[in-house]
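Worksheet: the structure to be examined is printed underneath.
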Amino acid sequence: MTEGAPKSGARSRDKGSPRALRYQHVYDLVVSMIEERGMTEGDQLPSTAELAEMAGVSVISVRRALDELTRSGKIVRHQGVGTFVAPQRLVSEPSRPGALLETLKSQGDEVQLDTELVSMLVGLPSPKHAAALGIDAGQPVWEICRLRRLGSAPKVLEKAVLPLSIVPALDENRLADGESLYDFLAERYGFTDDFVEQVFEVDHPNSWEREHLRLATKDYVVRIRGVSVNGAGVAFDSFQQTYPAREFLFYVSGSSSPRLMEPDNNGPWSVRPLGTPPPAARSR
């Protein structure tokens, strides 16, 4: 009898709801089921037909709800096998960009990620980078791009842009081995991130992010762009981190008053190779 009452209630609510909201009822039902039953990673959920019966909706509404649950990272589906509770998302404290690996946790444990040095070049900053670093747009900078993997799965795509005038040399081997860029900067040049300012953006991935993070066009990413400043007020790193949105939870602590990163992030956020004319010159 206890199973019958929720079905009846769900069916009556669905009949009185707009068609567009029926899948939302299934979405809420699955989320509640996971929470109330204490289901964990790998636990199997009822079949599509069973969920349709439980919620009193069509199979089409259930499939749409499962699509949304998959996109939000709450479930995983294996064709011909079933639907399961998704793995717990990694937790990151993006307020510590220089110690990224130390901030990543999973179920209370630190996460060990492998690192690939995607690229390392000297070029000219976009106006966004130049403004964040307080330098002229014609002043050369380093751009270091690294990809972090957990097992074979790509998890974080990083870019760091450093003025060549204050960071004349880098250790490529240490960066390729996955060591902290900020540890190197502190040891070699005495730079520490006494102040960090960041902006967050949720968006669809661009082609570069899709390639390296193995994402589809319809997926979402969280981009964190920011600038690191030392105790003397010198901005020494303009960085970007890109995360698959459904695989992470973020927490931020602390307070700040300066505004070095403007909310408006329109326009290029990139570095162009030395000797390449600016876009305006090329268009002429």
Side-chain angles (χ1 to χ4, degrees), residues 41 71-74 76 86-121 128-129 132 142-162 170-185 193 196-228 236-254 261 265 269-271:
E41 174 184 345
R71 277 193 285 270
S72 65
K74 299 187 185 318
V76 291
Q88 286 195 348
R89 288 176 286 184
L90 299 176
V91 178
S92 176
E93 183 187 6
S95 59
R96 293 296 312 283
L100 172 65
L101 298 186
E102 297 173 14
T103 74
L104 293 180
K105 298 183 182 299
S106 176
Q107 300 179 353
D109 299 323
E110 289 189 0
V111 175
Q112 298 297 320
L113 299 182
D114 295 324
T115 299
E116 175 191 344
L117 181 59
V118 176
S119 63
M120 180 174 169
L121 60 86
K128 295 290 183 180
H129 281 304
W142 289 103
E143 183 187 63
I144 304 102
C145 301
R146 296 196 289 182
L147 177 65
R148 309 286 194 170
R149 291 191 180 91
L150 181 59
S152 62
K155 294 296 181 182
V156 186
L157 192 56
E158 304 175 79
K159 280 187 180 182
V161 174
L162 316 167
L170 292 171
D171 190 325
E172 183 173 349
N173 291 330
R174 289 181 62 172
L175 295 175
D177 287 340
E179 293 188 31
S180 169
L181 171 62
Y182 278 31
D183 286 348
F184 171 80
L185 294 175
D193 53 335
V196 179
E197 186 165 286
Q198 302 171 107
V199 292
F200 289 67
E201 176 184 40
V202 178
D203 194 7
H204 293 292
N206 58 38
S207 58
W208 186 73
E209 293 162 335
R210 291 197 303 272
E211 175 188 354
H212 290 286
L213 293 173
R214 301 179 194 167
L215 298 173
T217 305
K218 64 182 180 181
D219 289 330
Y220 285 93
V221 295
V222 176
R223 292 191 198 99
I224 301 173
R225 290 168 172 160
V227 59
S228 298
F236 62 90
D237 177 27
S238 176
F239 61 86
Q240 174 179 292
Q241 299 165 355
T242 305
Y243 302 78
R246 70 183 186 183
E247 297 182 24
F248 282 85
L249 293 172
F250 301 98
Y251 70 98
V252 179
S253 60
M261 298 293 296
N265 280 307
W269 193 271
S270 59
V271 171

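Scope of the values below: all heavy atoms of this structure, side chains included, with no hydrogens, waters or symmetry mates.
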Worksheet item: Say you draw a straight line from CD of E201 to CD of Q240; how long is it, rounded to the nearest 0.5 Å?
Response: 8.0 Å

Item to complete: Locate the shortest heavy-atom distance separating K159 from C145; write the atom from each residue and the value.
Response: CG-SG, 3.5 Å

Discussion item. Please determine whether the number of non-hydrogen atoms from other residues, nucleotides or ligands lying under 6.0 Å from atom CZ of F184 exceeds 12.
Written reply: yes

Fill in: Donor-acceptor contact present, side-chain H204 to main-chain D219, <3.5 Å
yes

Worksheet item: Does R148 reach the side chain of D114, with side-chain heavy atoms less than 4.5 Å apart?
Response: no

Fill in: Audit row: R210, T217, side-chain contact (heavy atoms from CB on, under 4.5 Å) steps and yes/no
CA-CA 7 Å; R210 291 197 303 272; T217 305; 3.8 Å; yes

Fill in: Criterion ring pair (Phe, Tyr, Trp, His ring centres under 6.0 Å) on F236 and Y182, from CA distance to verdict
CA-CA 10 Å; F236 62 90; Y182 278 31; 5.6 Å; yes

Worksheet, complete the sentence: Smallest heavy-atom separation, V196 atom then S228 atom, equals CG2-OG, 4.1 Å

Discussion item. Are L147 and R149 packed together at the side-chain level, in the sense that at least one heavy-atom pair is separated by less than 4.5 angstrom?
Written reply: yes

Fill in: L181 side, atom CG; F239 side, atom CZ - distance, nearest 0.5 Å
11.0 Å

Worksheet item: Once you round to the nearest 0.5 Å, how far does CD of E116 lie from CD of E158?
Response: 12.0 Å

Worksheet item: Looking at side-chain heavy atoms only, is the closest gap between L170 and W142 below 4.5 Å?
Response: yes

Discussion item. Nearest 0.5 angstrom please: S119 OG to E143 CD, how far?
Written reply: 5.5 Å

Practice prompt. Please confirm whether the backbone N or O of W208 pairs with a side-chain atom of N206, one donor and one acceptor, at under 3.5 Å?
Written response: yes

Response to the item:
Closest non-hydrogen contact found for M120 with L117 is SD-CD2, 4.3 Å

Worksheet item: Roughly how far, to the nearest 0.5 Å, is CZ of R225 from NE2 of H129?
Response: 8.0 Å

Practice prompt. Look up atom CG in D237 and atom CD1 in I144, then write down how far apart they are to the nearest 0.5 Å.
Written response: 7.5 Å

Worksheet item: Is it the case that T242 and R223 place a side-chain donor and acceptor less than 3.5 Å from each other?
Response: no

Worksheet, complete the sentence: Closest non-hydrogen contact found for P244 with K155 is CD-O, 2.9 Å

